[in-house]
2 protein chains.
Amino acid sequence: MTGPARREEGGKSRRGTQERALRRREALLDAAVDLLGEGGFTAVTHRAVAERAGIPLAATSYYFSSRDELVADAFALLVERDLLRMRASAAEAGAGSLVESARTILRTYAPDRGRQLGLWELYLQAGREPALQHIARTWTDGWHDIVRTLLDRAGHPCGDDEVRFVATLVSGLWLELLVEDRPGSPERAGETVARALRAITECR
Amino acid sequence: MTGPARREEGGKSRRGTQERALRRREALLDAAVDLLGEGGFTAVTHRAVAERAGIPLAATSYYFSSRDELVADAFALLVERDLLRMRASAAEAGAGSLVESARTILRTYAPDRGRQLGLWELYLQAGREPALQHIARTWTDGWHDIVRTLLDRAGHPCGDDEVRFVATLVSGLWLELLVEDRPGSPERAGETVARALRAITECR
DNA sequence: CAAAAAGCGGTACGCTTGTCCCACTTTAAT
DNA sequence: ATTAAAGTGGGACAAGCGTACCGCTTTTTG
């Protein structure tokens with residue numbers, strides 16, 4: 001009755017918590033992430049998560065004290081994975097030009113529309129629930145860092161303003177691309193990014 | 001039993017629909033919009049809307065064949081009003097510089113965080129429900145038009161690319177401002193916009 | 001004026017939801 | 001070995017949900 005097996009800092013398993021329990025908790029989180037991608041925020045219910053993870057219903061209440069906590073943890077995990085993936089994609093495409101990098105990153109995420117929509121959904125939710133604020137900021141900061149790295153590596157080191165400028169523009173374009181998938185939009189988005197980069201690199 | 005009083009094209013009341021019924025329908029829509037702003041998508045339930053509008057529960061089912069339709073109509077109304085308000089705000093601030101205009105628009109929307117969050121929430125939902133796609137695009141197009149007008153009036157007529165560039169950047173900044181309200185963010189956002197405008201106007 | 005259509009609203013059904021309870025087994029500590 | 005804690009899972013609960021039903025009144029139509 002003391003409390004379920006929370007992930008203590010450092011990822012190290014706490015004394016007294018069993019191995020299997022941690023794996024089950026992760027399975028639940030994975031299921032939650034998947035469901036969020038498939039059906040959005042409202043699809044992440046205790047029952048759906050439990051069934052997806054192949055774990056009895058009561059377990060979800062055992063590992064997460066409330067649905068809000070479950071969603072918040074799923075959000076954090078999603079952000080973490082997203083940034084990891086983005087960093088990897090950026091590193092892989094770091095050699096070519098900036099526009100080419102942007103195109104590579106875009107390709108990486110193309111088959112992942114649902115998950116991205118879910119991520120934005122939760123990000124928006126953070127505007128209403130202060131408990132999610134911290135995670136939302138982590139996402140933004142991480143993304144800005146990636147853009148900064150990318151700009152640096154391309155030989156155009158920028159101040160915070162320029163980084164913010166490019167990062168926000170790309171985010172906005174991407175969100176629009178995600179929501180309204182109009183024909184020809186990806187190409188136009190690419191041109192818009194190129195124009196922004198030109199403005200930063202050529203102009204001074 | 002034929003069907004409730006739908007708003008036929010042109011806004012003209014159909015023969016056979018009563019005046020009061022249309023007003024009630026609008027009252028329900030207004031209530032839905034308010035609730036969306038206060039509590040987000042999930043707060044828009046039949047019961048909450050009915051109670052807020054001072055109208056019995058069954059009426060919501062009478063005027064809207066389903067919750068989805070109610071939400072969709074509320075979304076459309078919200079977009080319509082938002083664009084109207086934005087246009088008015090833009091016209092009012094059209095005299096000064098672009099950055100000053102941006103600042104005025106920002107001030108107009110400051111006390112309206114909830115409604116803006118709801119709007120974005122529905123916009124995001126449009127990524128999953130094709131029925132909302134059309135409304136989402138209307139919002140985007142309308143916003144782009146406003147930006148175009150603003151740029152034109154300031155003596156910097158732009159092509160579609162530039163308009164898209166500025167509009168998307170401002171949207172992104174605005175969304176970030178809305179979700180994470182960090183101290184000092186509005187100022188930094190202003191600078192970022194100024195930089196973007198400089199890039200467009202000075203550079204060529 | 002009669003009949004049909006539209007508007008109205010109380011009520012209830014069926015379902016899903018989050019969460020809790022409690023008996024049970026397994027693991028860890030003493 | 002004994003005792004406490006952690007893990008486990010079946011079941012049930014109240015609350016909230018969308019929606020349909022159905023008798024009623026009001027308005028419009030012919």
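Each chain gets a letter, A, B and so on, in the order its sequence line appears, and its residues count up from 1. Computed from heavy atoms alone, side chains included, the values below leave out hydrogens, waters and symmetry copies.
- The side-chain tip of B:Arg188 does not point at the ring of A:Phe165 from less than 6.0 angstrom away and within 45° of straight on.
- A salt bridge links B:Arg52 with B:Glu38: at least one charged nitrogen is closer than 4.0 Å to a carboxylate oxygen.
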* To do: Quick one, give me the B/S/- string for nucleotides 16-26 of chain D, reading 5' to 3', where B means a protein heavy atom under 4.0 Å from the base and S means that only happens at the primed atoms, P, OP1 or OP2.
  => -BBB-------
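- For A:Glu80 and A:Arg85, the salt-bridge test fails: no basic side-chain N is under 4.0 Å from an acidic carboxylate O.
- Computed from coordinates, the A:Leu22 CG to D:dG7 P distance equals 8 Å when rounded to whole Å.
- When rounded to the nearest whole Å, the span between CZ of A:Arg25 and P of D:dA6 equals 15 Å.
- Distances shorter than 4.0 Å separate some side-chain N or O of A:Arg24 from OP1 or OP2 on D:dT8.
- A salt bridge between A:Asp145 and A:Arg148 is present, with a side-chain N of the basic residue lying under 4.0 Å from a carboxylate O of the acidic one.
- Over its full length, the helix from C:dC1-D:dG30 to C:dT30-D:dA1 turns its helical axis through 10°, comparing axes from the five pairs at each end and rounding to 10°.
- With D:dG7, D:dG9, C:dG7 as the choices, the nucleotide that has an atom nearest any side-chain atom of A:Tyr62 turns out to be D:dG7.
- One interatomic measurement links the two molecules: CD of A:Glu19 to P of D:dT8, which rounds to 12 Å at whole-angstrom precision.
- A salt bridge links B:Asp141 with A:Arg182: the closest approach of a Lys/Arg side-chain nitrogen to an acidic carboxylate oxygen falls below 4.0 angstrom.
- Taking atom CD of residue B:Glu51 and atom P of nucleotide C:dG10, one finds them 13 Å apart after rounding to whole Å.
- For the OP1/OP2 pair of D:dT8 and a distance below 4.0 Å, the side-chain nitrogens and oxygens of A:Arg20 include at least one atom meeting the criterion.
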* Would A:Asp160 and A:Arg164 count as a side-chain contact (heavy atoms from CB on, under 4.5 Å) if you check the C-alpha gap in whole Å, the side-chain angles of each, and the deciding distance to 0.1 Å? -> CA-CA 6 Å; A:Asp160 285 358; A:Arg164 183 184 171 90; 6.0 Å; no
* Might you work through the salt bridge (Lys or Arg N to Asp or Glu O under 4.0 Å) test for A:Asp73 and A:Arg25, ending with a clear yes or no? => CA-CA 11 Å; A:Asp73 284 7; A:Arg25 192 177 195 274; 3.1 Å; yes
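- Because its NZ or CZ atom is not both nearer than 6.0 Å to the ring centre of B:Phe64 and within 45° of the ring axis, B:Arg24 does not count as a cation-pi partner of that residue.
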